[in-house]
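Read through the structure below, which is laid out as structure tokens, and then see the notes.
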Number of protein chains: 2
Amino acid sequence: MNQIARPPAPPPVARKSSSWTQDPEGVRRGILAVAREEFVEKGLSGARVDEIAARTATSKRMIYYYFGDKEGLYRAVLEEAYARIRNFERSLDLAGLPPREAIARLAGFTFDYHADNPDFVRLVMVENIHHARHLESSSKIGELNLSAIDMIREIYERGLAAGVFREGLDPIDIHLTISALSFYNVSNQASIRQVFGHDMAAPEARIRRRDSAIETVLRMICR
Amino acid sequence: MNQIARPPAPPPVARKSSSWTQDPEGVRRGILAVAREEFVEKGLSGARVDEIAARTATSKRMIYYYFGDKEGLYRAVLEEAYARIRNFERSLDLAGLPPREAIARLAGFTFDYHADNPDFVRLVMVENIHHARHLESSSKIGELNLSAIDMIREIYERGLAAGVFREGLDPIDIHLTISALSFYNVSNQASIRQVFGHDMAAPEARIRRRDSAIETVLRMICR
DNA sequence: GACCAATTGAACCATCCAGTACATTTTAGC
DNA sequence: GCTAAAATGTACTGGATGGTTCAATTGGTC
């Protein structure tokens, strides 16, 4: 509910005043926001369409009107989440930095994105429980692929040329390491707390883990 | 179905033959095995008690007789999974190895355990989706805590004394890094395949990722 | 071979829940 | 203003689902 930047909703056409006051885009966004919270909290099968509808400003009827069925709604939520992280990745501008700094900042930003968006992390968990079937059927997410991996490849090659990175590494492997170190503390936060009594969401713990992750990635890559 | 080492089921008391042939322990185990598969595949809310019952040699009635309700059954599955990894950890004998070898083998074994037991990984994902509520209510899993972390602490201190490890590291941090690098490829296997077209379960990919994880852990810890 | 507790079978139930039917209101174009 | 299409409200349904009832069968003990 808080990480949705809901712009002031510029009504393209004048807004009449009456009993009803219709606003399709707003309704859509409203449904999506509530749906995301529910799916993130209870999973795809755990979430209840009635519950989502109840927490919305509109009715269950509208959910089916706009999204077809429960899976369509889930898919829309998933696509929005992936679109958002793709935007985040595109917003990174690391080309100007020296390789070592670039990787460090990429790792730091990635860590922060995961820590700041547990909803995204939990959605990805849910989707993986379902064997990523919906990622498959939905819009080709392949663009993610390029942006993230190519960015790493570019930095890595610059680092090789500059002689600061060790040779023989795979950009995908680097990406997996950064992702794993960013994802795990968030995805497994609850069980870590339960088993080790450590709250990874606490500011100090998070900062220390962040530093450790960056350091680990640098040590992995640097000569 | 394959990663459960089901010992030859030594019937402590003789087995009679009759129309019915009652065997509580066997029934229990049978239910648990099917239930694990279902929960792992569909999650807690996605799994259906009727479906579990149908795949069992016995009936739904027995599930409720032995486990009370769906959550009780889930809890039993969860406890069994954690008991199993605790056994695995206890079975590791690294005290005799030089520190560097010990950490490398710990990382390798941990990686292999996760890769060989995707059921465990998926169960932990499911449990985290549910905020580890059932880990909390079930038998104190705190013993895990000790065994895993203390083992690392012991190795780490030997490594410090030998001058091969760098100072200032937290055993929990080391554990989290090893776990993250072991867990992520399995938990996110489906989305990795979907987004990057890489199959982490393929033998070559797995071996390369394993080597990379071990190397990364060593570089993280060693001076 | 009788008795009791443990174990099992078959049918049943109350509720939940995804999805729909049908009517109604709103907006936009003329 | 009139009309068609888009958007919304209300009420409902049929099947799925977790859980239960009641009785029957078994194994051990005496």
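So that the names make sense, note that chain A is the first sequence line, chain B the second, and so on, each numbered from 1.
- What separates CE of B:Met62 from P of D:dT26 is a distance of 14 Å, to the nearest Å.
- Contact between the side-chain N/O atoms of A:Thr58 and the OP1/OP2 oxygens of D:dT8 is not found at any separation under 4.0 Å.
- Atom CZ of B:Arg105 has 12 or fewer neighbouring heavy atoms from other residues, nucleotides or ligands inside a 6.0 Å radius.
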Mind listing the side-chain donor-acceptor pairs of residues 124-132 of chain A below 3.5 Å, one per line with the distance, residues two or more places apart or on another chain?
| unit_1 | atom_1 | unit_2 | atom_2 | d |
| --- | --- | --- | --- | --- |
| A:Glu127 | OE1 | A:Tyr74 | OH | 2.7 |
| A:Glu127 | OE1 | A:His134 | ND1 | 3.0 |
| A:Glu127 | OE2 | A:Arg133 | N | 3.4 |
| A:Glu127 | OE2 | A:His134 | N | 2.8 |
| A:Glu127 | OE2 | A:Leu135 | N | 2.8 |
| A:Asn128 | OD1 | B:Ala190 | N | 3.3 |
| A:Asn128 | OD1 | B:Ser191 | N | 2.9 |
| A:Asn128 | OD1 | B:Ser191 | OG | 3.4 |
| A:Asn128 | ND2 | A:Val124 | O | 3.0 |
| A:Asn128 | ND2 | B:Ser191 | OG | 3.0 |
| A:His131 | NE2 | B:Glu41 | OE2 | 2.7 |
| A:His131 | NE2 | B:Arg122 | NH2 | 3.4 |

Please output the side-chain donor-acceptor pairs of residues 57-66 of chain B that fall under 3.5 Å, not counting sequence neighbours, one pair per line with the distance.
| unit_1 | atom_1 | unit_2 | atom_2 | d |
| --- | --- | --- | --- | --- |
| B:Ser59 | OG | B:Arg61 | N | 3.4 |
| B:Lys60 | NZ | B:Asp50 | OD1 | 3.1 |

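- Between A:Ser59 and D:dG9 there is a side-chain polar atom (N or O) within less than 4.0 angstrom of OP1 or OP2.
- Between the side chains of A:Asn87 and A:Arg84, no donor-acceptor pair of N or O atoms lies under 3.5 Å.
- Computed from coordinates, the B:Tyr65 OH to D:dT25 P distance equals 17 Å when rounded to whole Å.
- Going from atom CD1 of A:Ile63 over to atom P of C:dT20 covers 14 Å, rounded to whole Å.
- In summary, the side chains of A:Arg209 and B:Thr177 do present a donor paired with an acceptor at a separation below 3.5 Å, with no hydrogens or angles considered.
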- [ ] Determine, for nucleotides 11-21 of chain D in 5'-to-3' order, which nucleotides have protein heavy atoms under 4.0 Å from the base (write B), from only the sugar-phosphate (write S), or from neither (write -).
- [x] ------SBBBB

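- In this structure, B:Glu25 places its CD atom 17 Å from C1' of D:dT26, rounding to the nearest Å.
- In this structure, CD1 on A:Ile103 lies 9.5 Å from CE on A:Met220, to the nearest 0.5 angstrom.
- Backbone-only contact: B:Tyr66 has heavy atoms under 4.0 Å from sugar-phosphate atoms and none from a base.
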